[in-house]
Engineer: 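Structure provided below as structure tokens; questions to follow.
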Amino acid sequence: MKKLVKVLSLAMSLLLLGCVLSACSSAPAATATLTFGTNAEFPPFEFVTANGTIGEFDGIDIAIAKQVAEDNNMTPVIENMEFDSLLVALQNGQIDAAIAGMTITDERLESVDFSNPYYTATQVMIVKDDSDITCAADMADKKICVIQGYTGEICVNDMGYPYESFKKGTEAVMELVNGKCDVVVLDSATAIKYVNDNEGLKIVEDPSAFESEEYAIAVAKGNTELLNKINTVLEKMINDGTISELGAKYSEMG
Ligand code: ARG
């Protein structure tokens with residue numbers, strides 16, 4: 001009996017010591033992680049950089065992801081993958097949410113749920129400075145480049161024009177710069193980035209041909225718990241002007 005008491009009290013003091021030590025150490029308590037999938041080929045929304053907001057990733061979406069996680073006492077994790085893979089990754093639970101400047105479409109709504117929108121965009125045409133393309137119909141007899149799986153590809157496909165698709169925006173833009181195609185159809189903010197980064201390009205808009213699009217965060221179908229958390233943070237960030245500030249900050253950068 002005495003022995004048991006001794007053993008027990010030793011165990012208790014060790015336990016106490018452990019508590020004291022851990023309280024003194026600076027290691028933060030382990031928190032749950034929130035994994036966001038993205039395709040970091042889409043400035044100013046997401047891009048790879050040496051010193052980003054989350055690891056090597058930065059951009060408007062990455063800042064939003066960080067805020068969503070932090071407001072819920074979670075640690076944000078970014079998984080970079082092909083844009084085409086995001087919806088499948090959500091469905092099979094590899095990621096909790098997809099944040100990728102992703103436009104809400106009826107087709108996507110069949111496989112995932114979307115948050116409230118946080119950004120309005122439209123497709124535009126990137127052409128050479130001396131191009132004679134002034135509206136979408138002018139693309140009819142031109143070589144068109146799109147990015148695989150983006151809404152720009154869907155638009156051009158719906159217009160019935162032939163096109164070539166690339167995995168990355170930069171690849172399509174290089175094709176245009178090198179004179180191998182006449183026009184790249186891409187989301188407005190990203191298109192502006194590429195035009196600023198490359199000599200001799202300009203943007204042609206045609207609002208009558210391209211409808212406005214809304215970006216939102218996608219979660220697995222039925223994950224209302226996470227969706228509510230996301231919407232709460234988005235609402236706060238929209239109302240207090242944070243999203244507009246992020247838009248301005250990342251559009252000016254680079
Ligand atoms: N808004 C377009 C879409 O939803 C393009 C998004 C591309 N995003 C990216 N992170 N690569 O299809």
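Numbering of ligands and ligand atoms starts at 1, following listing order.
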Engineer: For ligand 1, which atoms have a heavy atom of Ala100 less than 4.0 angstrom away?
Structural biologist: 6 (C), 7 (C), 8 (N), 9 (C), 10 (N)

Engineer: Using a 4.0 Å cut-off to any heavy atom of Glu46, which atoms of ligand 1 qualify?
Structural biologist: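 Ligand 1 atoms under the 4.0 Å threshold to Glu46: 9 (C), 10 (N).
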
Engineer: Gly101 to ligand 1: N or O pair under 3.5 Å?
Structural biologist: yes

Engineer: I'd like to know whether Leu201 forms a side-chain contact (heavy atoms from CB on, under 4.5 Å) with Tyr194, so could you lay out the CA-CA distance, the side-chain angles of the two residues, the decisive distance to 0.1 Å, and finally the verdict.
Structural biologist: CA-CA 8 Å; Leu201 302 182; Tyr194 289 140; 5.6 Å; no

Engineer: Can you list the ligand 1 atoms lying under 4.0 Å from a non-hydrogen atom of Asp187?
Structural biologist: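 The list of qualifying atoms is 1 (N), 2 (C), 5 (C).
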
Engineer: Return a yes/no value for Gln123: is any of its N or O atoms, backbone included, closer than 3.5 angstrom to an N or O of ligand 1?
Structural biologist: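 In fact, backbone or side chain, Gln123 has no N or O that close.
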
Engineer: Hey, is Tyr150 touching ligand 1 through its side chain, its backbone, both or neither, going by heavy atoms under 4.0 Å?
Structural biologist: both

Engineer: Would you say the rings of Phe45 and Tyr119 are close, in the sense that their centroids are separated by under 6.0 Å?
Structural biologist: yes

Engineer: Within a distance under 4.0 Å of any heavy atom of Met102, pick out the atoms of ligand 1 and give their elements.
Structural biologist: 4 (O)

Engineer: Could you see which bit of Gln148 sits under 4.0 Å from ligand 1, with heavy atoms only: side chain, backbone, both or neither?
Structural biologist: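 It is neither part, as no heavy atom is under 4.0 Å.
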
Engineer: Take every heavy atom of Glu153, measure it against each atom of ligand 1, and state whether any distance is under 4.0 Å.
Structural biologist: no

Engineer: One pair to check against side-chain contact (heavy atoms from CB on, under 4.5 Å): Asp96 and Asn223. What are the steps and the verdict?
Structural biologist: CA-CA 9 Å; Asp96 299 308; Asn223 191 354; 5.7 Å; no

Engineer: Would you say Asp206's side chain and Ala136's backbone share a donor-acceptor pair under 3.5 angstrom?
Structural biologist: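 Confirmed, Asp206 side chain pairs with Ala136 backbone.
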
Engineer: Are any of the side-chain nitrogens in Lys249 or Asp58 under 4.0 Å away from the carboxylate oxygens of its partner?
Structural biologist: no

Engineer: Of the non-hydrogen atoms in Gln123 and Cys155, which two are nearest, and what is the gap between them?
Structural biologist: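 Scanning both residues completely, I find the closest heavy atoms to be CG-SG, 4.0 Å.
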
Engineer: Can you tell which of Leu246, Thr53, Ile99 makes a side-chain contact (heavy atoms from CB on, under 4.5 Å) with Ile60?
Structural biologist: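 That would be Leu246.
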
Engineer: In terms of atom number and element, which parts of ligand 1 are under 4.0 angstrom from non-hydrogen atoms of Tyr215?
Structural biologist: 1 (N)

